[in-house]
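A quick write-up on the structure given underneath.
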2 protein chains.
Amino acid sequence: MLAAERRTHLLDLLARTGKVVAKDVAAELGISEDSVRRDLRDLAAEGLCQRVYGGALPASPAVVDYDARRELGTDGKRKVAAVAAGLVRPGGSVILDGGTTALAVARALPAELTCTVITHSPTIATALIEHPRAELFLLGGRVFKHSAVTCGAAAVEAAQNVSADLCLLGVTGVHPDAGLTTADADEAAMKRALSARAAETYILASSEKIGTASPYRVLPWEKVTGLITDAGPHDATVDRLGALGVEVLAAR
Amino acid sequence: MLAAERRTHLLDLLARTGKVVAKDVAAELGISEDSVRRDLRDLAAEGLCQRVYGGALPASPAVVDYDARRELGTDGKRKVAAVAAGLVRPGGSVILDGGTTALAVARALPAELTCTVITHSPTIATALIEHPRAELFLLGGRVFKHSAVTCGAAAVEAAQNVSADLCLLGVTGVHPDAGLTTADADEAAMKRALSARAAETYILASSEKIGTASPYRVLPWEKVTGLITDAGPHDATVDRLGALGVEVLAAR
DNA sequence: AAGATACATGCAGAAACGTGCAATACCAGG
DNA sequence: CCTGGTATTGCACGTTTCTGCATGTATCTT
């Protein structure tokens, strides 16, 4: 029984039956209650369930399975998001890109973390309205529907008026030769504008992005502080990136 | 039976049947009355129910259906929203305020309607991303969490760069003497800025808003083209507004 | 006013919890 | 193949939380 397998099983159980009893699962899978508790604690920390005495309940009733799993996507995205969220310092500011991985980061921000989040994604803004302590700044502009973010001249101009410690960018492709790429030219320009307004830029790249490329170049490697990925530590592509001098943060 | 599950069950019972009898629930779930009483006490402490001798009653209806209200809104809101959506001309542009009524307007926009929607609400932007033909422009700025809209200097400035045929504004109070009011000063200023950028301004006022007032004045009646409401045709407040020369669109 | 019912409180046993620790499994590098 | 380091797991321990019962008090009903 793999750890990831266990976690999937827990989420599945949660979605199907609406609850998880630590004791029962431990007996069913033949593992200790401690492991189950540890898993539930981790899942709760990522906002995927609500920890209660004796087990766990779905995070928001009936939403976990339907939206969260589809929107949050793969286990890899969650891991990447957790590491990325950890880069945000208390009292610090972060520019958060759009996309599903960035949304996962927003959901992974600890509730007690006081910080400023700047984003061009209405989806992420909406998600963070629930956050008790995050100060939110939304970059306006024409909404590019395909990615659900604002883009274009107005959005780039709006970005010129903000600054942050950290910028977390999602991309659609990470390739040693092609670099960081995305599917739309305007979007690529917007990502460049965002990155330029932060002291440090990290790329959110769950493993399915690694080794692929899209038409439009976002940033050269020199402008990137590091890459956050859940790809194996000896993935060929990641190795080549490491050789290029890119800092790689492992999310595992 | 998890403790948290029990509490959910109690709230559910409360919402469905309108009351909870401690003795009955204890028998039904096979637990002691003490536990039920403890749960009810805790729920009451959180304002989720009202403790009475022998059991509990729902808290104020406003609290109970907090979610439902946010999502769907009253029947009146839907009617108002339908009329408001009808004001948007094909190919035209509309500035859409935030709030639940405006959200209902966004949802009421016909799928085949080609138009431009300008909004300062990430919630509404998110809702309209699904719309096949609406061009979307989001006004950025600091996000005022209570209302889930952008406000403040940056947002007002962003508004200066747009224009539209129509502005649909929500308010929290509509009163013949106090005028159109809302609960926050920044929000009021933002609504003024939006209204100033459109040729016509209509107020979305479902009946529960009529006759009430909040601290901050939004607009004088002269700046308003009309009021859209589902309040009865011979409502005293609406009559007085009509006498003041305000155009009233009946939503029924 | 009196009996019945519901309630709050204190208490004790049981269950669940978090943490530190050691054993084990796993993996990369030599 | 071996070795050192890391991550995972189960166990032991002390702590916290929950639950049902007993007791005394408050509230309702007749």
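We name chains A, B, ... by the order of the sequence lines, and we start the count at 1 in each one. Scope of the values below: all heavy atoms of this structure, side chains included, with no hydrogens, waters or symmetry mates.
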Quiz item: B:E5 CD to D:dT19 P: how many Å, rounded?
Solution: 12 Å

Quiz prompt | Atom of A:I124, atom of A:G99 and distance for their closest heavy-atom approach | solution = CD1-O, 4.5 Å

Exercise. Check whether more than 12 heavy atoms from other residues, nucleotides or ligands sit under 6.0 Å from atom OH of B:Y216, and answer yes or no.
Key: no

Quiz item: Please give, in whole Å, the distance from D:dT8 P to A:L29 CG?
Solution: 18 Å

Quiz prompt | Per A:K23 side chain, nearest of listed nucleotides C:dA16, C:dC7, D:dG20 | solution = C:dA16

Quiz item: Can we say A:K79 and A:D230 salt-bridge, meaning some charged N sits less than 4.0 Å from an Asp/Glu carboxylate O?
Solution: no

Quiz item: At under 4.0 Å, does any side-chain N or O of B:R51 touch on OP1 or OP2 of C:dC7?
Solution: yes

Practice problem: Check A:H131 against A:L113 and note the closest heavy-atom contact, atom names and distance. | Solution: CE1-O, 3.3 Å

Exercise. Let me know, please, whether B:G55 or A:V52 comes out on the 5' side of the other along DNA chain C by nearest nucleotide.
Key: B:G55

Practice problem: Start with the C-alpha distance between A:K209 and A:I203, add both sets of side-chain angles, then the distance that settles side chain to side chain contact (heavy atoms under 4.5 Å, CB included), and finish with yes or no. | Solution: CA-CA 11 Å; A:K209 313 281 178 63; A:I203 305 298; over 6 Å; no

Quiz item: Taking atom types as modelled and ignoring hydrogens, do the side chains of A:T181 and A:R217 form a donor-acceptor contact shorter than 3.5 angstrom?
Solution: no

Practice problem: Select one nucleotide: of D:dC18, D:dG20, D:dG10, the one nearest the side-chain heavy atoms of B:I31. | Solution: D:dG20

Quiz item: Rounded to the nearest Å, what distance is computed from the OH atom of residue A:Y53 to the C1' atom of nucleotide D:dT17?
Solution: 4 Å

Quiz item: Heavy atom of residues 33-43 of chain A under 4.0 Å from DNA chain D: which residues?
Solution: A:D34, A:S35, A:R38

